[in-house]
S.K.: 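Before I ask anything, let me first share the structure, which is written out below as structure tokens.
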There are 2 protein chains.
Amino acid sequence: MMVKARAPRNSLTRERVVACAVTLADRDGVPALTMRALADELGVRPMAIYNHVANKEDILDALVDHVFGEVYLPVADGAWREELASRSRSLRLALGRHQWATALMETRVRPGEATLTNHEAVLDVLLSNGFSLSAAAHAYAVVDAFVYGFALQEAMLASIDLPSSAQTIRDAMDLTKFPRMAQFAGEHVMQPGYSFADSFEVGLAMVIDGAGALR
Amino acid sequence: MMVKARAPRNSLTRERVVACAVTLADRDGVPALTMRALADELGVRPMAIYNHVANKEDILDALVDHVFGEVYLPVADGAWREELASRSRSLRLALGRHQWATALMETRVRPGEATLTNHEAVLDVLLSNGFSLSAAAHAYAVVDAFVYGFALQEAMLASIDLPSSAQTIRDAMDLTKFPRMAQFAGEHVMQPGYSFADSFEVGLAMVIDGAGALR
DNA sequence: ACCTGAACACCGTTCAAGT
DNA sequence: ACCTGAACACCGTTCAAGT
């Protein structure tokens with residue numbers, strides 16, 4: 001835990017605080033994101049941060065909004081399928097870059113500017129392309145459920161590194177008790193070329209086709 | 001924070017600790033689930049808990065596994081579509097009863113007995129009903145992504161109570177900036193009979209039909 | 001207006017001591 | 001074997017004080 005050089009007065013801003021918090025969360029995880037660690041990284045005393053954010057909750061809210069700020073904004077006059085797919089891929093990648101995001105979203109309920117802007121753009125794509133309000137509601141809910149859930153699964157798998165640990169799991173587990181998992185691990189997951197990520201496009205096609213059927 | 005009566009010696013077990021932790025997390029949320037609060041609820045001193053669990057991480061792992069213990073175990077000789085749908089509905093309900101579960105899952109990577117057992121049952125349903133290993137992998141990933149993601153969205157919405165706060169949001173927001181959201185809120189979400197939950201069956205049908213196409 | 005130091009009421013967990 | 005008390009190194013945040 002090395003202490004950074006002291007930052008000059010008036011150099012601290014809300015943006016710097018949030019950007020630094022994102023970096024810290026990416027690098028060390030949310031549990032390590034303490035006001036003290038953040039202050040240290042910013043070259044400032046913990047209480048200085050409170051001049052720019054209300055409290056830690058405020059920072060966590062901003063963290064989630066920051067992630068949405070990285071997500072592609074679909075345009076309403078494009079082909080709706082491709083726009084929806086692009087924004088879904090972009091959302092998945094953003095959630096993948098910031099593995100803490102899905103878990104954090106669950107407790108954050110104050111949506112920020114970037115979140116609302118993205119939400120608005122998606123709704124505009126749907127409503128401008130023949131979706132009724134009801135169809136748009138279903139389509140949006142289903143597509144986002146898939147993207148969030150896929151990102152969640154990838155985050156779960158990321159900390160375990162499936163291929164390399166599958167062998168360990170297979171050894172440790174009672175194979176007579178979980179024969180399907182043993183088969184699945186040995187004959188599929190551990191084979192060269194397997195990638196969980198490949199299922200993303202498969203599922204995305206399903207939910208976007210399904211959305212099209214609602215239109 | 002009332003202190004419970006002191007529990008008699010030898011009455012503490014790992015099962016009681018975990019069950020109490022689930023109750024506490026349901027009632028007050030995970031942040032309020034501290035070793036001290038848990039001990040208080042159990043009628044014991046904090047350190048007594050450590051005779052039955054390794055540490056707090058161990059409890060959090062057990063919490064997630066407890067949720068999977070509530071999920072329907074599909075049977076392989078049934079109709080695979082109905083079995084998959086039942087276990088998906090059951091999983092969604094379990095995640096809904098324990099709103100903290102999806103967020104916790106992201107950081108827990110040591111799957112427990114109940115988790116593995118459920119995983120095994122789902123794989124068995126797919127592999128016993130004509131799915132190749134590759135098709136089963138895609139189907140499982142996509143269906144679970146949808147269920148996890150839907151539960152995550154419901155958890156997000158639960159803490160906000162959409163219908164009642166939609167008006168507030170609509171008033172507070174710059175309507176010229178988010179016209180689609182204003183329209184969506186006013187003409188759809190706030191209408192009587194609207195329920196986000198209705199999108200679950202719509203999406204479930206999409207992903208299960210999609211899975212069938214992979215078979 | 002912005003930053004700091006000391007302090008308060010919390011955490012999870014250790015260790016030695018009790019039964 | 002199981003439980004406790006005191007202690008340690010942490011938390012987020014308050015408040016009064018500095019510049």
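The basis for the numbers below is simple: all heavy atoms, side chains too, and nothing from hydrogens, waters or symmetry mates. Just so it is clear: chains get the letters A, B, ... in the order the sequence lines come, proteins before strands, and each one is counted from 1.
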S.K.: Can you tell me the base-pairing partner of C/dC10? Count Watson-Crick or G-U wobble geometry only, both distances below 3.5 Å, and say none if there is no partner.
M.R.: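 Looking at the geometry, C/dC10 pairs with no nucleotide.
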
S.K.: Would you kindly check if the NZ (Lys) or CZ (Arg) of B/R92 is within the cone defined by 45 degrees around the ring axis of B/F150 and under 6.0 Å from the six-membered ring centre?
M.R.: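 No - B/R92 does not lie over the ring of B/F150 by the 6.0 Å and 45° rule.
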
S.K.: Atom CD of B/E57 and atom C1' of C/dC11: how far apart are they, to the nearest Å?
M.R.: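 Going from B/E57 (CD) to C/dC11 (C1'), I get 14 Å.
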
S.K.: Can you measure B/R36 atom CZ to D/dC10 atom C1' for me and round it to whole angstrom units?
M.R.: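 Distance, rounded to whole Å: 11 Å.
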
S.K.: So if I take every side-chain heavy atom of B/N10 and compare against D/dC2, C/dT13, C/dA6, which nucleotide ends up nearest?
M.R.: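 Selected nucleotide: D/dC2.
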
S.K.: Measure the distance from CG on B/D40 to C1' on C/dC11 and round it to the nearest whole Å.
M.R.: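 My rounded result for the distance is 15 Å.
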
S.K.: Can you measure B/R14 atom CZ to D/dA1 atom P for me and round it to whole angstrom units?
M.R.: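 Value for this atom pair: 19 Å.
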
S.K.: What is the distance, to the nearest angstrom, from the CG atom on B/L42 to the C1' atom on D/dT4?
M.R.: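 Rounded to the whole Å, the gap is 15 Å.
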
S.K.: With side chain to side chain contact (heavy atoms under 4.5 Å, CB included) as the test, would you mind laying out the steps for B/M105 and B/F68 before giving the verdict?
M.R.: CA-CA 11 Å; B/M105 280 175 9; B/F68 274 96; 4.2 Å; yes

S.K.: Taking the side chain of A/L12 as heavy atoms from C-beta outward, which of C/dT4, C/dC11, C/dC3 is closest to it?
M.R.: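 Among C/dT4, C/dC11, C/dC3, the one nearest the side chain of A/L12 is C/dC3.
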
S.K.: Under 3.5 Å, which donor-acceptor pairs link side chains of residues 118-128 of chain A to any protein atom two or more places apart or in another chain?
M.R.:
residue, atom, partner, partner atom, Å
A/N118, OD1, A/R87, NH1, 2.6
A/N118, ND2, A/Y72, O, 3.3
A/E120, OE1, B/R180, N, 3.4
A/E120, OE1, B/M181, N, 3.0
A/E120, OE2, B/R180, N, 2.7
A/D124, OD1, A/S128, OG, 3.0
A/D124, OD1, B/R180, NE, 2.7
A/D124, OD1, B/R180, NH2, 3.3
A/S128, OG, A/D124, O, 2.7
A/S128, OG, B/R180, NH2, 3.0

S.K.: For D/dG5, does the base pair up with any side-chain atom of B/R45 as donor and acceptor (N or O, under 3.5 Å, distance only)?
M.R.: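 Counting by modelled atom types and ignoring angles, no donor-acceptor contact under 3.5 Å is found here.
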
S.K.: Starting from C1' on D/dC11, measure out to CE on A/M47 and report it in whole angstrom.
M.R.: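 That distance rounds to 13 Å.
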
S.K.: Under a 3.5 Å limit for both distances, which nucleotide forms a Watson-Crick or G-U wobble pair with D/dT4, could you say?
M.R.: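 Per the H-bond distance test, C/dA16.
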
S.K.: B/R9 side chain N/O closer than 4.0 Å to the phosphate oxygens (OP1, OP2) of D/dT4?
M.R.: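 Checking B/R9 against D/dT4: no side-chain N or O falls below 4.0 Å of OP1 or OP2.
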
S.K.: Measure the distance from CE on B/M35 to P on D/dA7 and round it to the nearest whole Å.
M.R.: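 The answer, rounded to whole Å, is 21 Å.
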
S.K.: Mind listing the residues from residues 48-56 of chain A sitting with a heavy atom below 4.0 Å of DNA chain D? Number order is fine.
M.R.: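 Listed by number, they are A/Y50, A/N55, A/K56.
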
S.K.: Check ring-ring contact (aromatic ring centres under 6.0 Å, His included) between A/H66 and all other residues, then give those that pass, not counting sequence neighbours.
M.R.: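 Result, ring-ring contact (aromatic ring centres under 6.0 Å, His included) vs A/H66: none returned.
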
S.K.: Looking only at side-chain atoms of B/T34, point me to the closest of C/dG12, D/dT13, D/dA6.
M.R.: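 So the nucleotide nearest the side chain must be C/dG12.
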
S.K.: What's the CG-P distance between B/L38 and C/dC10, to the nearest Å?
M.R.: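 Interatomic distance, CG of B/L38 to P of C/dC10: 17 Å.
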
S.K.: How far does CG of A/L95 sit from CG of A/L104, to the nearest 0.5 angstrom?
M.R.: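 The CG atom of A/L104 is 11.5 Å from CG of A/L95, to the nearest 0.5 Å.
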
S.K.: Quick one: pull up CD in A/E70 and NE2 in A/H98 and give me the separation to the nearest 0.5 Å.
M.R.: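 Those atoms lie 3.0 Å apart.
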
S.K.: Using 4.0 Å as the upper bound for N to carboxylate O, is an ion pair formed by A/R108 and A/D65?
M.R.: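 Not counted as a salt bridge, because no side-chain N and carboxylate O are separated by less than 4.0 Å.
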
